[in-house]
Amino acid sequence: MNEKPEILALFSQGLDSILAIKIIQEQGLRVQALKFITPFFGYEIKGQESKYCEKIKKNYAIDLEIIDLTNDYLKMLAAPEFGYGKNFNPCLDCKVMMLTRARIRAEALQVKAIVTGEVVGQRPFSQRRDTMRRIEKLSSTDGLLLRPLSAKLLMPTRAEEEGLIDREKLFDFSGRGRKPQMALADKLNITDYLTPAGGCLLTDPGFAKRVRTLYQHDFIPSASDLELLKFGRFYPLGKADEFIIVGRNRLDNQKLLKTATSDYFIIQLTERAGPVTVLKGTETQLPEAAEKLCLHSKAKELKAVKIKWQRDRENGEFTLKRPNPTGNQP
Ligand code: SF4
């Protein structure tokens, strides 16, 4: 964006956030959008931020900036002030963190409002009117935070009061129904957007359980630990920062090989194809990891299996002796 933005907006690529931005752009205002990413949401963009921003500009005429919240987010997740939701999702702390970062950016850019696609009553907790107010207060965004889709049901923001934004052209959507949004999308010719499902991995019970395991004993996992957790079978070891992951299929194997950095052992069968196995731990745990690999491979009935391993520039081979193959291990 060459000219200074007048409004900042949070962007998820979901329909509501696109509509909210379009409503403001229709009033002739320059909008700068922000997208936050962490290993739990939006991380597929990591490393390809410019390409993604170009795509968003081309598809929606929206100027986008990506902010990676990973470091602060992973610390917050250890002990969120307002606790967790049903799984390991710290929704209140998460929203407050995003809006606080947006406010700081808004102050730097000297914009008059922060726009979100929130709709009153759409989510049972986080989009309840009282929770929305509470989030505003906690992130010091009261008077600044504008929800164009529900604005007529909420107190006017400063940008409305000062006449920068015409409140009459905003909306009064509420509840879980999607019809008004779909009708508006048709009117604005918006057809390409992400569905609301599939957003945040911390709401996925299986993944959340793995993450919770890593967070035990005051350990804060790294972004690459969390990336690895997305693939394969997960076996926690004695300490929170020690685990084994065994690929389940070709895609898992490719992802594990790509994601396991120099901190991890990569373990494979020497003489036949089999799953890629990743160990975060010590060299003494290699046999345990190799055993897990064997149990999920064609070597599971063998009494002796040749194994190769690699970690950064180190590598080696050994023969795993298996007195009780086929899973009948003690
Ligand atoms: S679902 Fe995930 S991204 Fe959404 S508010 Fe909760 S923790 Fe944050």
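One-based numbering, in listed order, for ligands and for the atoms of each. Counting begins at 1 with the first residue of the sequence.
- Arg128 has a carboxylate O that lies under 4.0 Å from a charged side-chain N of Asp130, or vice versa, which qualifies the two as a salt bridge.
- Of the residues listed (Lys57, Lys35, Arg30, Lys4), the one engaging Asp63 in a salt bridge (Lys or Arg N to Asp or Glu O under 4.0 Å) is Lys57, and it is the only one.
- With a 6.0 Å radius and a threshold of 12 heavy atoms from other residues, nucleotides or ligands, Glu314 has its CD atom above the threshold.
- Around the NZ atom of Lys306, the shell of radius 6.0 Å holds no more than 12 heavy atoms that belong to other residues, nucleotides or ligands.
- The backbone N or O of Lys46 sits nowhere less than 3.5 Å from a side-chain atom of Gln48 that would complete a donor-acceptor pair.
- Between atom 7 (S) of ligand 1 and the options Phe40, Tyr84, Phe88, Tyr73, the minimum heavy-atom separation is to Tyr73.
- Other residues, nucleotides and ligands contribute more than 12 heavy atoms inside 6.0 Å of the CG atom of Asp192.
- Close approach to Phe41 involves these atoms of ligand 1, each under 4.0 Å from a residue heavy atom: 3 (S).
- Atom 6 (Fe) of ligand 1 has Cys91 SG as its protein N, O or S neighbours under 2.8 Å.
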N/O donor to acceptor pairs below 3.5 angstrom from side-chain atoms of residues 97-117, sequence neighbours left out:
| unit_1 | atom_1 | unit_2 | atom_2 | d |
| --- | --- | --- | --- | --- |
| Thr100 | OG1 | Val96 | O | 2.6 |
| Arg101 | NH1 | Asp72 | OD2 | 3.4 |
| Arg103 | NE | Ser139 | O | 2.8 |
| Arg103 | NE | Ser140 | O | 3.4 |
| Arg103 | NH1 | Glu107 | OE2 | 3.2 |
| Arg105 | NE | Glu65 | OE1 | 3.0 |
| Arg105 | NE | Glu65 | OE2 | 3.0 |
| Arg105 | NH2 | Glu65 | OE1 | 3.2 |
| Thr116 | OG1 | Glu118 | N | 3.3 |
| Thr116 | OG1 | Glu118 | OE1 | 2.7 |

